[in-house]
Amino acid sequence: MAAASEGESQELLLRQWERRQVELKQQMIDHDTEDWQNNEVFEGLERIGGMDLSYIKGDEVNACASLVVLSYPDLKVVYEECQMVCLNAPYIPGFLAFRETPFLEEAVRRLQDKDPSLLPQVIFADGNGILHHREFGVACHLGVLTDLPCIGVAKNLLHVDGLEEKDLLKEKVKDLQKGGNAFSLTGSSGKVLGMALKSCEKSTKPIYVSVGHRISLDTALRLTHSCCKYRVPEPIRQADIRSREYIREKVHIP
DNA sequence: GCGACAG
DNA sequence: ATCTTGTCGC
């Protein structure tokens with residue numbers, strides 16, 4: 001038998017990944033499960049995690065994964081870890097999780113072993129939750145695999161079937177007057193997959209919030225807004241800053 | 001058919 | 001994601 005062509009094995013891999021997403025999706029919980037999620041000021045919430053991967057210009061293999069934990073409501077960094085990792089999956093829209101999640105999960109595990117008392121009560125992931133082709137983005141993967149509440153926040157919109165065309169979207173974005181204003185993003189099934197949020201007064205461009213695991217969209221949106229000193233929620237922003245700083249020192253030595 | 005497409 | 005400084009404005 002002839003070996004499968006690159007294109008054929010690529011297709012097989014994607015089908016396999018799709019099945020994995022459908023399988024994991026059965027374990028996802030799309031509503032609030034924690035006490036702190038039920039009151040206006042999130043009383044009982046003390047630690048929020050933020051995760052991110054930073055890449056290197058022409059390097060397809062090396063990257064830096066970071067996990068930070070911030071205090072709430074102060075939003076001060078109380079834990080930080082950066083780790084160089086070797087990427088083994090390409091970036092394909094709809095399959096970001098297979099590229100990044102393994103390292104994010106490992107980072108959470110290391111913290112679990114190192115100091116369980118610092119484990120975050122909710123994690124912000126850089127990317128989408130159910131605002132996704134199969135309603136199972138990177139924030140869902142991370143949430144289910146760690147069984148921690150997880151919120152997906154994307155800085156750019158992933159085009160999912162059913163979301164309105166560019167023009168209508170642009171108009172809705174213009175209508176976002178004040179920080180905290182938002183509008184829902186509905187999929188072809190009619191289900192609300194996420195919200196576009198004007199995260200702070202200054203920003204023109206919204207961020208896209210969606211449920212990852214163990215949290216409702218309403219709670220996710222409120223918490224996200226309360227974590228925004230700037231456009232990007234502080235947990236993700238700090239993780240981002242620290243991982244790229246780590247690379248700048250590790251790689252810019254020559 | 002072509003373009004678009006989280007990071 | 002990444003390549004990149006200054007600059008206009010509150």
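This one's a predicted model, so the numbers in the text were calculated from it and none came from an experiment. Every chain is numbered from 1 and lettered A, B, ... according to where its sequence line falls, protein lines coming before strand lines.
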*asked:* Test: side chain to side chain donor-acceptor pair (under 3.5 Å). Region: residues 122-133 of chain A. Which pairs qualify, not counting sequence neighbours?
replied: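 Qualifying pairs: A:D126-A:K155.
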
_Non-neighbouring partners of A:D240 that pass salt bridge (Lys or Arg N to Asp or Glu O under 4.0 Å), sequence neighbours left out_ = A:R244

_A:V153: which of A:L131, A:I207, A:V232 passes side-chain contact (heavy atoms from CB on, under 4.5 Å)_ =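 Filter result, single survivor: A:I207.
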
*asked:* Given A:H213, which partner from the list A:L145, A:L24, A:V144, A:D30 fulfils the side-chain contact (heavy atoms from CB on, under 4.5 Å) test?
replied: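 The single option meeting the side-chain contact (heavy atoms from CB on, under 4.5 Å) with A:H213 is A:V144.
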
Could you report the tightest heavy-atom contact between [X] and [Y], atom names first, then the distance?
{"X": "A:V138", "Y": "A:G127", "answer": "CG1-CA, 3.8 Å"}
{"X": "A:L104", "Y": "A:D52", "answer": "CD2-N, 4.3 Å"}
{"X": "A:E60", "Y": "A:L87", "answer": "O-CD1, 3.7 Å"}
{"X": "A:P120", "Y": "A:I48", "answer": "CB-C, 3.9 Å"}

*Let me have a per-nucleotide readout for nucleotides 1-7 of chain B, 5' to 3', with B, S or -, counting only protein heavy atoms under 4.0 Å.*
----SBB

_Residue list, side chain to side chain donor-acceptor pair (under 3.5 Å) with A:R15, at least two apart or on another chain_ = A:E11, A:E18

_Start and end of chain A contact along DNA chain C [non-hydrogen atoms, under 4.0 Å]_ = C:dA1 to C:dC3

*Start at the 5' end of DNA chain C and walk down; is the nucleotide closest to A:K202 or to A:S54 reached first?*
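Nearest nucleotide further toward 5': that of A:S54.
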
*Given Watson-Crick or G-U pairs with both distances under 3.5 Å, what dot-bracket string fits DNA chain C, with | for other-strand pairs and [ ] for crossing?*
..........

*Which word best sums up how the rings of A:F98 and A:W17 line up, parallel for under 30°, tilted for 30 to 60°, or perpendicular for over 60°?*
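Because their plane-to-plane angle is under 30°, the rings of A:F98 and A:W17 count as parallel.
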
